[in-house]
Amino acid sequence: MQSVEWERSREELEAVLAGTLPGAKEIDPAECSAGRFLLAYSDGRQIPAGAVAAIPLDWALASGFQRMVWKELAKVPFGETITYGELAARCGRGEAARAVGAALARNPWPVIVPCHRVVGAGGRMVGFGKGIAAKRTLLAFEKRCLDEAAGCIKKRQNG
DNA sequence: AGAATGACGGACC
DNA sequence: AGGTCCGCCATTC
């Protein structure tokens with residue numbers, strides 16, 4: 001799989017696709033692993049971090065460092081966040097927070113490789129290719145899903 | 001090969 | 001809180 005794209009409307013998306021993937025054919029999302037992943041995600045299901053491994057992402061164009069950052073990021077669970085610096089540390093490059101930002105800016109598969117879960121030091125909201133607002137929306141969505149799930153459990157415990 | 005460029009982080013004002 | 005400066009580091013030109 002090459003990339004994840006999204007736009008505000010079908011028209012805009014098709015315009016973008018016409019430039020990046022001319023002649024692309026449409027298929028049923030349920031027919032491919034990435035499609036099923038995104039369907040489940042938008043459904044609010046908490047997808048286990050390991051599920052990303054089942055998607056045939058095309059790492060060919062990634063540098064060694066980018067591959068490391070993206071793979072490490074894929075381990076961050078639904079609804080949780082991590083700092084650029086912490087992610088750098090997990091890649092064995094504690095001082096490379098800034099370089100991590102550069103790598104994330106080139107993430108070909110947003111949402112699947114959850115770059116929206118990477119926040120600035122102290123939880124500060126910074127950067128995102130599609131805009132901070134989109135990043136907030138995704139994080140809020142995940143948090144809401146977690147809260148609802150927690151509510152269900154509590155309800156069950158109470159009776 | 002060297003300089004410029006960021007989705008950083010921390011210090012300081 | 002908000003703005004500047006500077007050290008960091010992988011990439012890019």
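Since we're looking at a predicted model, the values are computed, not measured. So that the names make sense, note that chain A is the first sequence line, chain B the second, and so on, each numbered from 1.
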Applying a strict under-4.5 Å side-chain criterion to I, L, V, M, F, W and Y, I'd like to know whether A/V52 and A/W59 cluster together. yes

Donor/acceptor link under 3.5 angstrom from A/R98 side chain onto base of C/dG7: yes

What nucleic acid atoms does A/A105 come within less than 4.0 Å of, heavy atoms only: base, sugar-phosphate, or nothing? base

Return the value, rounded to whole Å, for the distance between atom CZ of A/F128 and atom P of B/dC8. 14 Å

Indicate the ring-plane relationship of A/F128 and A/W6, choosing parallel, tilted or perpendicular according to the 30° and 60° boundaries. tilted

Mind calculating the distance between CH2 (A/W70) and C1' (B/dA7) to the nearest angstrom? 14 Å

Rounded to whole Å, how long is the line connecting atom OH of A/Y84 with atom P of B/dG6? 15 Å

For A/M125 and B/dC8, give me the distance from atom CE to atom P, rounded to whole Å. 13 Å

Contact class for A/G122 vs. all strands (heavy atom < 4.0 Å): base, sugar-phosphate, or nothing? nothing

Can we say A/E72 and A/R93 salt-bridge, meaning some charged N sits less than 4.0 Å from an Asp/Glu carboxylate O? no

Could you tell me the separation between the CG atom of A/L87 and the P atom of B/dC8, rounded to a whole number of Å? 13 Å

Rounded to whole Å, the CZ-C1' distance (A/R106 to B/dA7) equals 10 Å

